[in-house]
Amino acid sequence: MTQRSRASWDEYFMAIARVVATRSTCDRKHVGAVIVREKMILTTGYNGSIRGLSHCDDEGHMMEDGHCVRTVHAEANAIVQAARNGVRLDGADIYVTASPCFGCYKLIANSGLTRIVFGEFYRDARIFELSEKLGIKLDHLPIDGVPREVAEPRA
């Protein structure tokens with residue numbers, strides 16, 4: 001009988017972020033985020049349209065400079081969820097399936113999050129230099145660190 005090893009906390013929370021990503025409503029990229037403090041989930045977010053407006057999956061994409069701007073990014077939605085519910089984020093970690101864009105990175109830094117764990121590198125290398133200056137820890141947890149059945153959600 002083969003015994004499966006127990007997931008680390010990082011693997012566990014990243015697997016949850018990957019499940020959160022399955023709620024995404026923009027088929028160009030499914031991204032999920034989970035904000036955690038002291039091994040407890042504070043908020044989650046996925047990329048989707050502004051609350052109350054049509055989704056990309058329903059209306060199509062709103063493209064600008066090669067990017068869909070109809071959606072609010074997963075990290076921003078997780079931070080907004082915290083604000084809407086009065087949840088303090090100082091000192092918490094964020095697990096995100098793709099590294100944050102520069103706009104989301106600025107939100108993460110200003111919200112007091114101190115660690116970003118990301119699955120795939122996505123686009124903006126400025127986050128590495130700024131994280132060093134700001135004392136925000138960046139950890140890459142590649143997709144192979146997450147159980148396959150969660151890492152490859154159904155379309």
Side-chain angles (χ1 to χ4, degrees), residues 5-51 56 61-148 150-153:
S5 64
R6 187 174 185 201
S8 70
W9 285 108
D10 283 347
E11 292 167 341
Y12 173 73
F13 291 122
M14 185 59 77
I16 293 170
R18 293 196 189 287
V19 171
V20 171
T22 66
R23 292 284 306 151
S24 174
T25 61
C26 181
D27 60 11
R28 287 180 50 85
K29 186 141 189 83
H30 291 200
V31 180
V34 177
I35 298 178
V36 174
R37 185 186 312 104
E38 297 175 7
K39 299 180 181 127
M40 292 190 315
I41 295 172
L42 303 176
T43 66
T44 65
Y46 54 87
N47 55 325
S49 295
I50 296 170
R51 185 183 296 264
C56 297
H61 302 287
M62 187 182 294
M63 298 302 290
E64 197 173 281
D65 296 327
H67 302 284
C68 180
V69 296
R70 183 183 297 278
T71 62
V72 178
H73 290 183
E75 306 92 322
N77 273 326
I79 291 167
V80 166
Q81 186 182 96
R84 286 177 59 94
N85 291 300
V87 176
R88 183 178 60 83
L89 298 181
D90 259 355
D93 302 336
I94 186 166
Y95 292 80
V96 62
T97 57
S99 61
C101 71
F102 196 57
C104 287
Y105 179 82
K106 293 184 285 185
L107 292 174
I108 289 167
N110 277 0
S111 69
L113 295 169
T114 56
R115 181 172 176 239
I116 302 168
V117 181
F118 64 93
E120 74 172 273
F121 174 71
Y122 181 68
R123 218 176 255 143
D124 205 318
R126 292 178 286 188
I127 67 174
F128 296 101
E129 179 184 334
L130 290 176
S131 287
E132 194 170 311
K133 288 180 181 177
L134 294 170
I136 296 173
K137 188 169 186 202
L138 281 172
D139 288 321
H140 182 218
L141 181 62
I143 198 162
D144 61 334
V146 178
R148 178 176 281 293
V150 176
E152 297 174 0

List the atom pairs, donor and acceptor, that lie under 3.5 Å between side-chain atoms in residues 65-73 and the rest of the protein, sequence neighbours left out.
unit_1 : atom_1 : unit_2 : atom_2 : d
H67    : ND1    : R123   : NH1    : 3.0
R70    : NE     : G60    : O      : 2.9
R70    : NH2    : G60    : O      : 3.4

Please report the shortest heavy-atom distance between [X] and [Y], naming the atom on each side.
{"X": "L134", "Y": "A109", "result": "CD1-CB, 4.0 Å"}
{"X": "A7", "Y": "E11", "result": "CA-OE1, 3.3 Å"}
{"X": "S49", "Y": "C56", "result": "OG-N, 3.9 Å"}
{"X": "Y46", "Y": "R23", "result": "CE1-O, 3.2 Å"}

### Query
Is it true that a side-chain atom of S131 and a backbone atom of F128 form a donor plus acceptor pair closer than 3.5 Å?
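No.
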
### Task
Ignoring hydrogens and angles, tell me if any N or O in the side chain of H140 forms a donor-acceptor pair with the backbone of G119 under 3.5 Å.
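Between the backbone of G119 and the side chain of H140 there is a qualifying donor-acceptor contact (under 3.5 Å).
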
Can you measure from [atom1] ([X]) to [atom2] ([Y]) and round to the nearest 0.5 angstrom?
{"X": "L138", "Y": "F121", "atom1": "CG", "atom2": "CZ", "value": "10.0 Å"}
{"X": "S99", "Y": "D124", "atom1": "OG", "atom2": "CG", "value": "8.0 Å"}
{"X": "I116", "Y": "C104", "atom1": "CD1", "atom2": "SG", "value": "10.0 Å"}
{"X": "I35", "Y": "R115", "atom1": "CD1", "atom2": "CZ", "value": "13.5 Å"}

### Query
Residues in side chain to side chain donor-acceptor pair (under 3.5 Å) with N47, at least two apart?
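Scan of N47 (side chain to side chain donor-acceptor pair (under 3.5 Å), adjacent residues dropped) gives S24.
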
Is there side-chain contact between [X] and [Y], with at least one heavy-atom pair below 4.5 Å?
{"X": "I136", "Y": "T114", "value": "no"}
{"X": "I79", "Y": "T43", "value": "no"}
{"X": "L107", "Y": "E75", "value": "no"}
{"X": "D10", "Y": "Y95", "value": "yes"}

#### Entry: ring-ring contact (aromatic ring centres under 6.0 Å, His included) against Y105, all qualifying residues, sequence neighbours excluded
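Applying ring-ring contact (aromatic ring centres under 6.0 Å, His included) to Y105 gives none.
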
### Task
Only counting residues at least two apart or in another chain, list the ones meeting salt bridge (charged side-chain N to carboxylate O under 4.0 Å, His left out) with K133.
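Only E129 meet the salt bridge (charged side-chain N to carboxylate O under 4.0 Å, His left out) criterion with K133.
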
#### Entry: side chain to side chain contact (heavy atoms under 4.5 Å, CB included), paired with R18, selected from V34, V31, T97
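With R18 as partner, V34, V31, T97 yield a single side chain to side chain contact (heavy atoms under 4.5 Å, CB included), made by T97.
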
### Query
For A33, what residues pass the side-chain contact (heavy atoms from CB on, under 4.5 Å) criterion, not counting sequence neighbours?
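Applying side-chain contact (heavy atoms from CB on, under 4.5 Å) to A33 gives A74, A78, I94, V96.
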
### Query
Using the ring of each side chain (for Trp, its six-membered ring), is W9 parallel, tilted or perpendicular to F13, with breaks at 30° and 60°?
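Parallel: the ring planes of W9 and F13 meet at under 30°.
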
Could you pull out all donor-acceptor pairs under 3.5 Å where a side-chain atom in residues 84-93 meets a protein atom, sequence neighbours excluded?
unit_1 : atom_1 : unit_2 : atom_2 : d
N85    : ND2    : Q81    : O      : 2.9
R88    : NH1    : D90    : O      : 3.4

